[in-house]
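Some notes on the structure that comes next.
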Amino acid sequence: MSKAKVAVLISGRGSNMAALLYASRLPDCPYEIVLVTGDKPGAPGLALAEAEGVAVVRLPAYTPKDKGQFYGALHRALERAGVEYIALAGFMRILPGDFIEKWAGRIVNVHPSLLPKYKGLDTHARAIEAKDAAAGCSVHVVTAELDDGPVLGQVEVAVLPDDTAETLAARVLIAEHQLYPRALADYVMRDRTPEAKLARVREIAMALPGAEETTSHGMPCFRVAGGKMFCYFTHDHHGDGIVAIIVKTSGPDEQAQLIDQDPDVYYRPAYFGPSGWIGVRLDTPDTDWDHIADRIELSWKLVAPRKLLGIREF
Ligand code: GAR
């Protein structure tokens, strides 16, 4: 399975970035760090990432007036590096709403408190002040509301009687380094397993009028109301190791043209004869799900009876 491409955004020391990076070098880690960047070109963590051979982009520090420019440049740098997920690791800026929207569900953050307690700053001092028995850290998905998105994992850290904000922060940081790589790995795995891909294909296929799910030769597949098949889901069929959908094209000419155009994505499926069915791989590094949805819909159109075609607006 290809590894998820992750960018880490930092503002300072970058010890969580280092924890993510070193964890990514362990066998079987499902993500790789393809870029480290942030809002402070002199952040010590950037020099560390560079020394470790990771690509670093030093964007100029921004003031409120060039904020839009900064996030535009950041977005382009992330896209150029083929980034799929953004991990905030001590990135001490509030991301603008339109940036979060572009990366919805693909930004995670580590925060030094047991959320929903103590959003924002001075989390350790606030935990001590409140005489909490335990402090800790959380990894969560970033949404428009500050430190508020779904929590992916937490680790508790005992507060000692003589703790200061600094001594407590030091132990919470150790907990962050354990939690973050694990929570990120689990998160990227959620949509990379064949089961998760099938769930996504199912959601697309079953939204089409008259769609029904059935099984054929051990493959989950989708047909139009008791009639013709329009999409098969194949996972390691006959030991080929491939995860893909098999959908209809307009015929052998289009099939040949697509394979010629992008042989890494398209293939001629075995056992389907010369009928124009095509395999579209779901196990390439950057699956384009909009394109997958289009191919499934086109295939459905090729077999759907006239009365169902009328239901859907094209
Ligand atoms: C970490 O403790 C992280 O949880 C915190 O900044 C520190 C960065 O340390 N982040 C926040 O407070 C974000 N709200 P690091 O640069 O060594 O990873």
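Residues take their numbers from the sequence shown, with the count starting at 1. Numbering of ligands and ligand atoms starts at 1, following listing order. A quick note: this is a predicted structure, and the numbers were derived from the prediction, not measured.
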Discussion item. Under a 4.0 Å threshold between the charged nitrogen and the carboxylate oxygen, would E84 count as salt-bridged to K5?
Written reply: no

Discussion item. Does any part of the side chain of L160, heavy atoms only, come nearer than 4.5 Å to the side chain of T167, both counted from C-beta?
Written reply: no

Fill in: Centroid-centroid distance, Y187 to Y31, less than 6.0 Å
no

Discussion item. Geometry only, no angles: is S15 polar-contacting ligand 1 at N/O separations under 3.5 Å?
Written reply: yes

Discussion item. So if I count the atoms of ligand 1 from 1 in the order they appear, which ones are less than 4.0 Å from some heavy atom of H111?
Written reply: 14 (N)

Response to the item:
Nearest non-hydrogen protein atom to atom 9 (O) of ligand 1, with distance, is R13 NH2, 3.0 Å

Practice prompt. Give me the one residue out of W277, Y271, F222 that meets ring pair (Phe, Tyr, Trp, His ring centres under 6.0 Å) with Y232.
Written response: W277

Worksheet item: Is the closest heavy atom of V110 to ligand 1 under 4.0 Å?
Response: yes

Discussion item. More than 12 heavy atoms of other residues, nucleotides or ligands under 6.0 Å from CD of E129: yes or no?
Written reply: no

Discussion item. Starting from atom 1 (C) of ligand 1, what is the nearest protein heavy atom, named by residue and atom, and what distance separates them?
Written reply: E176 OE1, 3.1 Å

Worksheet item: So, does G45 sit close enough to ligand 1 that a heavy atom of it is under 4.0 Å from the ligand?
Response: no

Worksheet item: Would K102 and E79 pass as an ion pair if we require N to O under 4.0 Å?
Response: no

Worksheet, complete the sentence: Ranked by distance from atom 16 (O) of ligand 1, the top protein heavy atom is G14 N, 2.8 Å

Worksheet item: Quick one: does D147 get an N or O within less than 3.5 Å of an N or O on ligand 1?
Response: no

Worksheet item: At a 4.0 Å threshold, what atoms of ligand 1 neighbour a non-hydrogen atom of N16?
Response: 1 (C), 15 (P), 17 (O), 18 (O)

Discussion item. Strictly below 4.0 Å, N to O, side chains only: are R295 and E254 in salt-bridge contact?
Written reply: yes

Discussion item. Is the shortest side-chain heavy-atom distance between L173 and N16 below 4.5 Å?
Written reply: yes

Practice prompt. For atom 12 (O) of ligand 1, find the nearest protein heavy atom and state the residue, atom name and distance (0.1 Å precision).
Written response: P112 CD, 3.4 Å

Worksheet entry | Element-labelled atoms of ligand 1 that are located less than 4.0 Å from some non-hydrogen atom of G90 | 6 (O), 8 (C), 10 (N)

Fill in: Sub-4.0 Å atoms of ligand 1 with respect to non-hydrogen atoms of M92
11 (C), 12 (O), 13 (C)

